Amino acid sequence: MIWIIGARGMLGTELSEILKSNSVPFIATDKEISITDYESLGQFVRDRSIKFIVNCAAYTAVDKAEDEVDLCTTINADGVENIAKVAKQIGATVIHISTDYVFSGESIIENGKPRPYLEDDPTSPTSIYGKSKLEGEKRLLSIVPESIIIRTSWLYGEHGNNFVYTMFRLMREKKEIAVVSDQYGSPTWTYDLARAILQMINLSKNKLSFGIYHYSNEGEISWYDFAVEIYRLGREYEILKEDCNIKPIKTEDYPTKAMRPKYSVLSKEKIKRLGVEVPFWKDSLRSFISGISHKYRG
Ligand SMILES: NC(=O)c1ccc[n+]([C@@H]2O[C@H](COP(=O)([O-])OP(=O)(O)OC[C@H]3O[C@@H](n4cnc5c(N)ncnc54)[C@H](OP(=O)(O)O)[C@@H]3O)[C@@H](O)[C@H]2O)c1
């Protein structure tokens, strides 16, 4: 049996839907079984034959975390430690989701250009959120080294607040919007990541695939590039009826409480070697937008 924790979040909901459509049995919980409460996690697994725990639960409010250090750390580090201890007791494999924000964003230059981060590159988070997620990774691996950690970036999908929805809202409201053009990364469609998680579950039943992996969609873009493509597809699928000018701006012109990495492209070579598919970001964005376009046409 698979246990999805954080099942009402953006990724957790997508993963639940994918497992359902593949007829894979699972149990899903969210805040009612808080990962910060070790006792209730322990009670929950009792008398259930859980083989995999997929942790999609997290404190994800990156800017707010700068003011809520304790809460963020309790969920992203202590909570993950609780899951690890329970998994160890029952011999379940943990698949834990982490983030590109564990890296500093000071790119590693190779052949004159930045190269994507490898799984074992040095981490150095610049935000409270990034620090708490890194601490969660470390605690998990120290308790159950036979775990799987998937670091991902720039998640968007049908079931949560995310950059694509924010862009559509702003592009409908305004004639011009400004988007940061000097932070580079790769978007990830939750549908692709959820499918990759299912593949990892299937793989780890047969062969050893424990450790840290990176997964995002393929491609290397700025938030500005992302916004331009969202706009283009929004117009094509008639989600956006009016023109909107998208203006590139620098990070310093859009101050945020938490510092974000300037460059956080993740290398997917390791997970691809296991046979996991990594679609190109534009293809996934098109599939996502075409799939949700009916909601806007009404
Ligand atoms: N979103 C991104 O751009 C992004 C990028 C890189 C990595 N990630 C990572 O990807 C994973 C999934 O992210 P997401 O965007 O799907 O997150 P999300 O939408 O915020 O979902 C997280 C879920 O966990 C729940 N939760 C919070 N505290 C909990 C607790 N103590 N016990 C049990 N459940 C709890 C949340 O409930 P509430 O909503 O009620 O708090 C929410 O339903 C996270 O590990 C995140 O760090 C996300």
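Order of appearance sets the numbers: ligands from 1, and atoms from 1 within every ligand. Just so it is clear, the structure is predicted and the values come from calculations on it, not from any experiment.
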* Asked: Near Thr152, which atoms of ligand 1 are under 4.0 Å from a heavy atom of that residue?
  -> 6 (C), 7 (C)
* To do: Please report which non-hydrogen protein atom sits nearest to atom 16 (O) of ligand 1, along with the residue it belongs to and the distance in Å to one decimal place.
  => Leu11 N, 2.8 Å
* Carboxylate-amine/guanidinium contact Lys131 Glu135, below 4.0 Å -> no
* Any Phe288 side-chain heavy atom under 4.5 Å of Glu158 side chain -> yes
* Charged N to carboxylate O under 4.0 angstrom, Lys133 versus Asp100? -> no
* **Element-labelled atoms of ligand 1 that are located less than 4.0 Å from some non-hydrogen atom of Lys133** => 44 (C), 45 (O), 46 (C), 47 (O)
* Any donor-acceptor pair under 3.5 Å from Tyr129 side chain to Pro125 backbone -> no
* Asked: Judging by distance only, is a nitrogen or oxygen of Ser34 under 3.5 angstrom from one on ligand 1?
  -> yes
* Structure fact -> When distances are taken from atom 19 (O) of ligand 1, the protein heavy atom at minimum range is Met10 N, 2.9 Å
* NZ (Lys175) with more than 12 external heavy atoms under 6.0 Å -> no
* To do: Using distance alone, determine whether Ala57 and ligand 1 share an N or O pair under 3.5 Å.
  => no
* Is the closest N or O pair between Asp100 and ligand 1 shorter than 3.5 Å? -> no
* To do: Say whether Thr188 and Asn217, considering side chains only, have a donor N or O and an acceptor N or O under 3.5 Å apart.
  => no
* Asked: Heavy-atom contact under 4.0 Å between Gly79 and ligand 1?
  -> no
* Identity and separation of the nearest protein heavy atom to atom 35 (C) of ligand 1 -> Lys31 CG, 3.6 Å
* Asked: So, Arg286 and Ser290: side-chain donor and acceptor under 3.5 Å apart, yes or no?
  -> no
* Structure fact -> Checking heavy-atom distances from atom 27 (C) of ligand 1 to each of Gly9, Ser132, Ala58, the winner is Ala58
* To do: For the pair Asn162 (side chain) and Gly157 (backbone), establish whether a donor and an acceptor sit closer than 3.5 Å, ignoring hydrogens and angles.
  => yes
* To do: State the atoms of ligand 1, each with its element, that fall below the 4.0 Å cut-off from a heavy-atom position in Arg8.
  => 43 (O)
* Ile35 heavy atoms, cut-off 4.0 Å: which ligand 1 atoms fall inside? -> 30 (C), 31 (N), 32 (N), 33 (C)
* Asked: Do Glu17 and Lys20 meet the salt-bridge criterion of a basic N to acidic O distance under 4.0 Å?
  -> no
* Close N or O approach (Gly12, ligand 1; < 3.5 Å) -> no
* Asked: Does Glu242 pair with Arg172 as a salt bridge, N-O distance under 4.0 Å?
  -> no
* Protein heavy atom at shortest distance from atom 5 (C) of ligand 1 -> Trp154 N, 3.9 Å
* So is Asp30 polar-close to ligand 1, meaning N/O to N/O under 3.5 Å? -> yes
* To the nearest 0.1 Å, how far is atom 3 (O) of ligand 1 from its closest protein heavy atom, and which atom is that? -> Leu155 N, 3.1 Å
* Is the shortest N/O to N/O distance between Ile75 and ligand 1 below 3.5 Å? -> no
* Would you kindly specify which portion of Ser98 sits under 4.0 Å from ligand 1, judged on non-hydrogen atoms: side chain, backbone, both or neither? => backbone
* To do: Take every heavy atom of Tyr129, measure it against each atom of ligand 1, and state whether any distance is under 4.0 Å.
  => yes
* By number and element, which atoms of ligand 1 are closer than 4.0 Å to a non-hydrogen atom of Cys56? -> 12 (C), 22 (C)
* For atom 39 (O) of ligand 1, decide whether some protein heavy-atom distance is shorter than 4.0 Å. => no
* **Pair Glu68, Tyr59: side-chain N/O donor-acceptor within cut-off below 3.5 Å** => yes
* To do: Please determine if Asp121 and Arg115 form a salt bridge, counting it only when a charged side-chain N lies under 4.0 Å from a carboxylate O.
  => yes
* Looking only at heavy atoms of Gly157, does any of them come nearer than 4.0 Å to an atom of ligand 1? -> no
* Report yes if some N/O of Thr60 lies less than 3.5 Å from some N/O of ligand 1; otherwise report no. => yes
* Any luck finding a side-chain donor-acceptor pair between Lys51 and Thr93 under 3.5 Å? -> no
* To do: State the atoms of ligand 1, each with its element, that fall below the 4.0 Å cut-off from a heavy-atom position in Ile97.
  => 9 (C), 10 (O), 11 (C), 45 (O)
* Are Arg151 and Glu119 within salt-bridge range, i.e. N to O under 4.0 Å? -> no
